[in-house]
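In what follows, every heavy atom counts, from backbone to side chain, and hydrogens, waters and symmetry copies are set aside. Lettering follows sequence order; numbering is per chain, from 1.
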Amino acid sequence: MTPRLRVAPSPTGLLHVGTARAALFNWLFARRHGGVFIVRVDDTDQRRSTPEFERRILEGLRWMGIDWDEGVEVGGPHGNYRQSGRFERYREVAGLLVEKRAAYRCYCSPPELAERRKQAQRAGRPPGYDGRCRSMPADEDQRRQEAGESHVVRFALPRPGMTVFTDVVRGEVRFDHQVIDDFVILRSDGSPTYHLASTVDDVDYRITHVARGEDILPSTPRHIQITRAMAAPEPTYAHLPLLHGQDGGKLSKRHGATDVGEYRRQGFLPEALFNYLSLLGWSIGPERTIFSREEAVEDFDLTDVSSSPAVFDPAKLTWMNGEYLRNHLSQAGFAERARPYTEEFLGQSLPDEMWDGCSEVLPLVQERVKLLSEVGPQLAFLLSERIEYDPRSWKKVMSKPGVDAVLTGAIAALSRVEDWRTESVEQTLRDLIAELGISAGKGFQPVRVAVTGSSISPPLFESLAALGRKKALQRLTDARSRISS
RNA sequence: GGCCCCGUCGUCCAGCGGCCUAGGACGCCGGCCUUUCAAGCCGGUAACGCGGGUUCGAAUCCCGUCGGGGCUACCA
């Protein structure tokens, strides 16, 4: 049987890295086993769902290199793959379940429920629904329904009972029905709850493997019971370990960026995020950290997924991104990816000839950045007419004695250079410090700050060469006059 | 509180009864290289939560305990 997997984000927020990781594992499994990967949008919560969130979630998935064979936007045999378009179907199933007495109408009002919950808690009983309407005589139910009384539909969990299933990552798991109440499947406004909609979709779409976060492990017996009541085959479940923040809690905004788009904006490569996320709860094998999508597909299996939670570590992601930037991207590839970030930083689009003017220093920048967003700041001295002096650099380097002489010497020497190239500039400046009898550090740092505005920059001679003689001399002159004033 | 899940360096992962005086990666610390910053190279730091079993032998199996997390809605 062809495996069919899905990820079902709710468009009530941006693409969370936890959702992205779940999507990734489902995708990897589907690709590994020649299965079908589906993206479905769980938008039953119409209050909080928006098309904009949906758009950005799908964009994020695509950006990460996760594609889908069936689902929202790409289509397939099951409509538009949005739950909002299937309410009739959910109501139909709920009706069927009521007919089979696997579900029942409940007329208890929210205030009543709240009151009874409070009482139960005080008395030390479980706070869930007490099942009052489950035993309502048929004629009363009919009368109240016909009278148009507000009601929900609850699932009638088999009692006494127990749901036992084998989770791929956790082994056998069992839940006694005593601790699960008769949960709502259809709200009073006729909309389905997550439990119903998700289960019906998994059944209708013939999902074979449900891999999702461990946070819904306690809901799984409900889904299994609905599935059984529908007389449908049960999918295999795999509950993925949760992603935690540094403080050990479920990963959330307070731990920093949680949405994939934010990582994109910060200049992470999708390949790096993909690689990093796949390593959270899974391993491709001993001694391997960096690997391609294809290699992951070749090796992945849900049975190898670990069952303990993983802390999301931005520092390691950042390291890995640097690794990808310098070792897994050609110079041209790097230039192409860096350009939009650089333009964003400068607040303007760059003419080709200007961007091409960076071609010599760009490879040097490539080996020293960890994020694409760092490229702009490193290149600003080349791309902006005016430079801004970093105050700390200025103070550290330019306020030292002898700087004036160095700059004066550099101006004089460099203005005599006819053939303005990296090598000639280097030779000239090396001759200069020899002549002045000063160290490289003492001689080169003032020139660096004068020309780039910062004590941290790409290599000096290449930078000077790329800047051009005229601009270089101009900046040295400007800096010198700034010192004396 | 109840139910469920989890427990190897600070973090991610390897280990699935002897190959472990526990391995790799990130981080951190030190050194080399060096015009800055990186990168690179070399070295170091650091863990099987605890207590009982089972076994000739346990990080690996069992039980307990402690600790962490999740769920406990007409959210998903």
- Message: So if I take every side-chain heavy atom of A:R170 and compare against B:A76, B:C74, B:C5, which nucleotide ends up nearest?
- Response: B:C5
- Is the A:Y81 ring parallel, tilted or perpendicular to the A:Y205 ring (thresholds 30°, 60°)? tilted
- Task: Ignoring the backbone of A:E287, work out which of B:U11, B:G23, B:C4 is nearest its side chain.
- Result: B:G23
- A:P218 side chain, from C-beta outward: closest of B:C37, B:C71, B:C74: B:C71
- Task: Round to a whole Å and report the spacing from NE2 of A:H244 to P of B:G68.
- Result: 13 Å
- Which of residues 393-412 of chain A sit near RNA chain B, with a heavy atom under 4.0 Å from it? none
- Message: Quiz question: going by heavy-atom distance under 3.5 Å, is there a donor-acceptor pair between the base of B:C74 and the side chain of A:S188?
- Response: yes
- Query: Where does the angle between the aromatic ring planes of A:H328 and A:Y324 fall among parallel (under 30°), tilted (30 to 60°) and perpendicular (over 60°)?
  - Reply: tilted
- Query: Closest to the A:P309 side chain: B:A25, B:C6, B:C3?
  - Reply: B:C6
- Message: Heavy atoms only, 4.0 Å cut-off, all strands: where does A:R326 land among base, sugar-phosphate and nothing?
- Response: sugar-phosphate
- For A:V184, report the nucleic acid contact type (base, sugar-phosphate, nothing); a contact means any heavy atom under 4.0 Å. sugar-phosphate
- Message: Quick check on B:C37: is either OP1 or OP2 less than 4.0 Å from any side-chain nitrogen or oxygen of A:S455?
- Response: no
- Query: Within the structure shown, what part of the strands sits under 4.0 Å from A:E367 by heavy-atom distance: base, sugar-phosphate, or nothing?
  - Reply: base
- Aromatic ring pairing A:H209/A:F29, orientation class (parallel under 30°, perpendicular over 60°, tilted between): tilted
- Query: Under the 3.5 Å rule, do the base of B:C37 and the side chain of A:R368 count as making a donor-acceptor pair?
  - Reply: yes
- Item | Check: A:K316 side chain, B:A25 base, donor-acceptor under 3.5 Å | yes
- Say you pick atom C1' in B:G68 and the same atom in B:G31; how far apart are they, in whole Å? 39 Å
- Query: When all nucleic acid strands are considered with a 4.0 Å heavy-atom cut-off, which category describes A:P241: base, sugar-phosphate, or nothing?
  - Reply: nothing
- A:Y276 has an atom OH; how far is it from atom C1' of B:G27, in whole Å? 12 Å
- Query: Hey, does A:Q378 have a side-chain heavy atom less than 4.5 Å from the side chain of A:L364?
  - Reply: no
- Query: Under 4.0 Å between a side-chain N/O of A:K250 and OP1 or OP2 of B:C71, yes or no?
  - Reply: yes
- Task: State whether A:E374 and A:K370 are salt-bridged, where the test is any N-O pair (Lys NZ or Arg NE/NH1/NH2 against Asp/Glu carboxylate O) under 4.0 Å.
- Result: no
- Short side-chain N/O contact to B:A14 OP1/OP2 from A:R288, under 4.0 Å: no
- Message: For A:H223 and A:Y194, take the angle between the two ring planes, folded into 0 to 90°, and tell me which bin it lands in: parallel under 30, tilted 30 to 60, perpendicular over 60.
- Response: perpendicular
- Message: In terms of relative ring orientation, are A:W282 and A:F300 parallel, tilted or perpendicular, with 30° and 60° separating the classes?
- Response: tilted
- Side-chain atoms of A:V173 come closest, of B:A38, B:C5, B:C74, to B:C5
- To the nearest Å, give me how far apart CG (A:L243) and C1' (B:U11) are. 13 Å
- Message: I'd like the C1' distance from B:C33 over to B:G27, given in whole Å.
- Response: 22 Å
